[in-house]
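To start, the structure under review is shown below, and the notes come after it.
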Number of protein chains: 2
Amino acid sequence: MSDGRSAQVYGGESLLFLTDEQLRQGIEAMFFAYRGFTADPDRILGEMAYGRAHHRAVHFINRAPGTTVNNLLAILGVTKQSLNRVLRTLIADGLVESRVGTSDKRERHLFLTDPGRALEGQLSDAQRARMRAAFREAGPEAVAGFKQVLEAMMDSDMRRAYTKLRDGA
Amino acid sequence: MSDGRSAQVYGGESLLFLTDEQLRQGIEAMFFAYRGFTADPDRILGEMAYGRAHHRAVHFINRAPGTTVNNLLAILGVTKQSLNRVLRTLIADGLVESRVGTSDKRERHLFLTDPGRALEGQLSDAQRARMRAAFREAGPEAVAGFKQVLEAMMDSDMRRAYTKLRDGA
DNA sequence: TTGGAATGTCAACAAGGCTGACGTATGCTG
DNA sequence: CAGCATACGTCAGCCTTGTTGACATTCCAA
């Protein structure tokens with residue numbers, strides 16, 4: 001598997017993009033790019049008492065207002081204790097509102113307040129700016145390929161969450 | 001910036017791939033895909049006393065044998081205290097060897113031992129398997145686009161490190 | 001009415017970032 | 001040679017964010 005021969009030409013089809021060397025490039029590209037991807041919001045969050053976990057929570061609450069805690073848990077892939085710690089501070093600081101469910105009163109539905117929306121906007125503006133610059137530099141076809149590969153890289157659970165968010169909130 | 005109008009058609013050129021909606025998809029794709037990207041090595045590491053930080057160190061030492069501590073520091077983007085904690089355990093466990101430099105005796109050159117190479121192989125086999133499946137599913141053109149966008153998303157420092165590793169170790 | 005689901009909370013812990021301070025060995029430069 | 005800079009290691013302490021385990025509460029549903 002790591003003998004560097006995983007991309008022999010066989011069946012008459014060139015698979016040079018599957019060499020270990022190509023795969024290693026992809027791995028390192030993901031590593032370095034993810035750093036850039038999080039750098040701008042991290043800078044903003046560093047000036048406050050918040051971290052990346054707060055950003056993620058705020059992002060997905062904004063994305064799907066009224067989502068339940070359990071729902072958010074599944075998307076973020078952390079324990080309820082971890083998420084709860086983050087949510088508690090966001091609620092205490094008045095950025096997130098938690099409303100008891102109407103049909104099922106066990107559930108809590110989460111919403112951003114105005115200040116919460118303001119923070120979300122600030123963070124995602126920064127992140128979008130970098131994404132926009134990268135998309136513009138690479139061009140539409142590259143962007144399509146970028147999304148295809150990323151989607152194929154997800155665990156099936158995450159892929160379902162991703163496409164669900166994408167195709168209709 | 002977040003008014004959803006950032007992708008008007010102007011100058012006669014369609015920029016529909018730059019809508020806030022498209023950018024948000026890219027952001028979420030990065031988030032979900034990165035989880036998949038790290039999942040397999042994390043599972044392996046979880047069974048040992050190691051974490052993601054050890055994986056990163058081992059990866060880049062394998063990638064550039066004899067690299068110095070300072071060099072690795074720059075690539076990983078962490079403090080020397082953070083890296084040192086990781087390196088100390090790897091050296092103590094006999095996975096990494098640290099040799100005093102010959103020309104400059106202040107420098108330490110880092111190498112994987114045989115057991116170190118074995119671990120690196122195990123981790124990168126797992127990570128490559130997922131990357132290979134994703135590349136195969138998406139196809140060569142998507143892979144090219146994937147790399148283009150990721151490269152464009154990096155900070156310039158990281159981009160330099162990435163291309164340097166890519167074009168000639 | 002009872003079991004289970006959804007939520008919240010407390011405690012304890014670990015990984016892995018960070019800063020600051022300090023020490024040592026080595027290299028370079030005036 | 002003296003002095004400053006560089007490379008590295010280390011100690012101490014802090015933060016965020018993840019984990020497990022235990023337990024209480026609330027409420028739906030069989």
Side-chain angles (χ1 to χ4, degrees), chain A residues 31 34-35 38-39 41-61 66-93 96-110 123, chain B residues 31 34-35 38-39 41-61 66-93 96-111:
Chain A
F31 171 71
Y34 198 77
R35 291 260 297 282
T38 57
D42 280 358
R43 237 188 310 278
I44 295 170
L45 291 159
E47 296 166 11
M48 318 179 181
Y50 294 131
R52 209 176 283 182
H54 298 84
H55 180 194
R56 291 198 281 259
V58 161
H59 173 95
F60 285 108
I61 294 173
T67 188
T68 63
V69 172
N70 242 14
N71 213 319
L72 201 50
L73 234 44
I75 288 176
L76 296 176
V78 297
T79 59
K80 62 174 178 172
Q81 292 90 332
S82 254
L83 176 58
N84 187 258
R85 178 171 33 199
V86 166
L87 281 181
R88 211 185 315 163
T89 69
L90 289 172
I91 292 170
D93 296 351
V96 167
E97 192 190 347
S98 165
R99 297 186 205 153
V100 173
T102 50
S103 64
D104 187 336
K105 291 179 186 170
R106 289 169 304 181
E107 297 179 342
R108 305 300 145 94
H109 298 276
L110 303 169
L123 294 172
Chain B
F31 171 70
Y34 198 76
R35 291 259 296 283
T38 57
D42 280 357
R43 237 188 311 278
I44 295 170
L45 291 159
E47 296 165 11
M48 317 178 181
Y50 295 132
R52 209 176 284 180
H54 299 84
H55 181 194
R56 291 197 281 259
V58 162
H59 173 96
F60 285 108
I61 294 173
T67 187
T68 64
V69 173
N70 244 10
N71 214 318
L72 200 50
L73 234 43
I75 286 176
L76 295 176
V78 297
T79 58
K80 63 171 180 174
Q81 292 91 332
S82 260
L83 176 58
N84 186 256
R85 177 168 38 194
V86 167
L87 279 182
R88 211 186 312 165
T89 70
L90 289 173
I91 292 170
D93 295 350
V96 167
E97 192 190 346
S98 167
R99 297 184 205 152
V100 173
T102 49
S103 65
D104 187 336
K105 292 179 186 171
R106 292 171 305 178
E107 296 178 342
R108 304 300 144 92
H109 298 276
L110 303 169
F111 300 86

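All chains are named by letter (A, B, ...) in the order of the sequence lines, taking the proteins before the strands, and each is independently numbered beginning at 1.
- The pair B:Glu107-B:Lys105 does not count as a salt bridge, with every side-chain nitrogen at least 4.0 angstrom from each carboxylate oxygen.
- Across the protein-nucleic acid pair, A:Lys105 atom NZ and D:dT25 atom C1' stand 15 Å apart, rounded to whole Å.
- Results of the side-chain contact (heavy atoms from CB on, under 4.5 Å) test with B:Leu110 over B:Leu90, B:Thr68, B:Leu72, B:Val58 single out B:Leu72 as the only residue that passes.
- The heavy-atom pair separating A:Leu45 from A:Leu123 by the smallest distance is CG-CD2, 3.8 Å.
- B:His59 is linked by a side chain to side chain donor-acceptor pair (under 3.5 Å) to A:Glu28, counting only residues two or more places apart in sequence or in another chain.
- Going from atom CG of B:Asp42 over to atom NE2 of B:His55 covers 9.0 Å, rounded to the nearest 0.5 Å.
- Qualifying side chain to side chain donor-acceptor pair (under 3.5 Å) partners for A:Gln81, counting only residues two or more places apart in sequence or in other chains: none.
- For A:Asn70, there are no side chain to side chain donor-acceptor pair (under 3.5 Å) partners two or more places apart in sequence or in a different chain.
- Using a 4.0 Å cutoff on non-hydrogen atoms, no part of residues 96-104 of chain A comes near DNA chain C.
- In this structure, B:His109 atom NE2 and D:dA7 atom P are separated by 12 Å, rounded to whole Å.
- Think of the region where chain B sits on DNA chain C: with heavy atoms and a 4.0 Å cut, that region ends 5' and 3' at C:dG16 to C:dG27.
- Counting all heavy atoms, side chain and backbone alike, B:Val69 lies closest to B:Leu83 at O-CD2, 4.0 Å.
- The CZ atom of B:Arg106 sits 6 Å away from the C1' atom of D:dA7 (whole-angstrom rounding).
- Residue B:Asn70 places at least one side-chain N or O under 4.0 Å from the OP1 or OP2 atom of D:dC8.
- For the salt bridge (charged side-chain N to carboxylate O under 4.0 Å, His left out) condition, no pair includes a residue of residues 75-92 of chain B, sequence neighbours left out.
- Residue pairs meeting the salt bridge (charged side-chain N to carboxylate O under 4.0 Å, His left out) criterion with at least one member in residues 70-79 of chain A, sequence neighbours excluded, do not occur.
- With sequence neighbours excluded, the residues that form a ring pair (Phe, Tyr, Trp, His ring centres under 6.0 Å) with A:His54 are A:Tyr50.
- For the pair B:Asp42 CG and D:dT19 C1', the interatomic distance rounds to 13 Å; values are reported in whole Å.
- Whole-Å rounding puts the A:Arg85 CZ to D:dT17 C1' distance at 6 Å.
- Shown here are the side chain to side chain donor-acceptor pair (under 3.5 Å) partners of B:Asn71, two or more places apart in sequence or in another chain: there are none.
- Under the rule for a ring pair (Phe, Tyr, Trp, His ring centres under 6.0 Å), the partners of A:Phe60 that lie at least two apart in sequence or sit in another chain are B:Phe31, B:Phe32.
- Residues from residues 73-82 of chain B that place a heavy atom under 4.0 Å from any atom of DNA chain D, listed by number: B:Lys80, B:Gln81.
- Taking a 4.0 Å limit (strictly below) on heavy-atom distances, residues 44-55 of chain B does not reach DNA chain D anywhere.
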